[in-house]
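Nothing fancy with the numbering, it's 1 onward along the sequence. Side-chain atoms are counted along with the backbone in the values below, which use heavy atoms only and exclude waters and symmetry mates. Atoms within each ligand, like the ligands themselves, are counted from 1 in listed order.
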Amino acid sequence: MGILEGKKGLILGVANNKSIAWGVAQAAKREGATLGFNYLGEMMEKRVRPLAESLDADIIAPMNVSEEASIDAFFAQVKEQWGEIDFIVHSIAFANKDALQNGFSNTSREDFHLALDISAYSFVACAQRAAPMMKAGGSMVTMSYLGAERAVPGYGVMGVAKAALEASTRYLAQDLGQDGIRVNSVSAGPIRTLAASAVGDFRKLMEKSARGSMLGRNVSQEEVGNTTVYLLSDLASGVTGELHYVDAGFHIGAGDPEVD
Ligand code: NAD
């Protein structure tokens, strides 16, 4: 029997088959979960719908997290179809590419707000709507990166957004713990995805991450998926407010052992 057998949950943030959320979705399905997906706009629907259908998704519906009405409509559909849910996976982020590449000190107010709104506040907005549907307790997981804690070249305002996301995880865990709802972040090592292509010189970042990691390699979306599924499951029933690294041990080291 899978560790998510009998559970229903939302996978928020699949763009294509390279998405971290897709790694989570496959692992969650393998472990017995019934899944619902969102997609961002019609362009994304073409990619997301066939993927979601391949996992027998119950719900495949649009949600743009920068619009309150869109979030409300998505969760209203979830409530109508399912009534109750057991978990959500938030795997959503966005920043203007220019804002990441022009140096953090040049970040405009608009770019700062945009990055924090979509990449951090959206987790709070989704948690607000999901929590009342978690009558039997539940689990929420979001995706972060080491740039929240260290100044990573090319990560700029997204690092500030990830710091806000990680802090939001702790405060959500504090608020929702009384309802038996656990809230955790996964800090994933670099993985080549659509979102990652906005980060300057991502290839170099991946090389440095592999060299500086304890395992001497990068991680896969499957590995992030498996760890996320553990956090979603009752195996992690005593774990909340946690930041769980899936980065082949990069964060415990002193960085790239080779000089640039
Ligand atoms: P991705 O491009 O596959 O996923 C990002 C998702 O965010 C997409 O599905 C996109 O549609 C969605 N999104 C953006 N704006 C949105 C909006 N307004 N409304 C709804 N959805 C919106 O890339 P990914 O790398 O899988 O990113 C998933 C998460 O993992 C992000 O939070 C990212 O920061 C994080 N992460 C990525 C890496 C990496 O190296 N790829 C490492 C650590 C953490």
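Using bins of under 30°, 30° to 60° and over 60° for the plane-to-plane angle, the ring pair Y245/H251 lands in the parallel bin. Using bins of under 30°, 30° to 60° and over 60° for the plane-to-plane angle, the ring pair W22/F37 lands in the tilted bin.
Each of the following atoms of ligand 1 lies closer than 4.0 Å to a heavy atom of V14: 9 (O). Residue-ligand proximity, M143 to ligand 1, at heavy-atom distances under 4.0 Å covers atoms 29 (C), 30 (O), 32 (O), 35 (C). In summary, the atoms of ligand 1 found under 4.0 Å from a heavy atom of K162, numbered by their order in the structure, are 31 (C), 32 (O), 33 (C), 34 (O), 35 (C). When each atom of ligand 1 is checked for a heavy atom of T193 under 4.0 Å away, the hits are 23 (O), 24 (P), 25 (O), 26 (O), 41 (N).
At under 3.5 Å, a nitrogen or oxygen of A195, whether backbone or side chain, sits near a nitrogen or oxygen of ligand 1. Checked against a 3.5 angstrom limit, the closest N/O atoms of N38 and ligand 1 fall outside it. Between F202 and ligand 1, not a single N/O pair is under 3.5 Å apart. Residue L40 places no N or O, backbone or side chain, under 3.5 Å from any N or O of ligand 1. Taking any N or O of A188, backbone or side chain, none lies under 3.5 Å from an N or O belonging to ligand 1.
Following chains of ILVMFWY side-chain contacts shorter than 4.5 Å, one can reach L146 starting from L205, so the two form part of one hydrophobic cluster.
For atom 17 (C) of ligand 1, a protein heavy-atom neighbour is found at a distance under 4.0 Å.
Remark: side-chain polar atoms of K162 are paired, donor with acceptor, to backbone N or O of M143 under 3.5 angstrom. Between the S119 side chain and the F94 main chain, a donor and an acceptor come within less than 3.5 Å of each other. Between the E45 side chain and the Y39 main chain, no donor and acceptor come within less than 3.5 Å of each other.
Counting heavy atoms closer than 4.0 Å to ligand 1, residue S144 contributes backbone atoms (N, CA, C, O) but none from C-beta onward. Contacts with ligand 1 closer than 4.0 Å are made by heavy atoms of both the backbone and the side chain of I92. At a 4.0 Å heavy-atom cut-off, ligand 1 touches M63 through the backbone alone.
What sits closest to atom 15 (N) of ligand 1 on the protein, heavy atoms only, is I118 CG2, 3.6 Å.
Between S19, G147, A196, A161, it is S19 that holds the heavy atom closest to atom 3 (O) of ligand 1.
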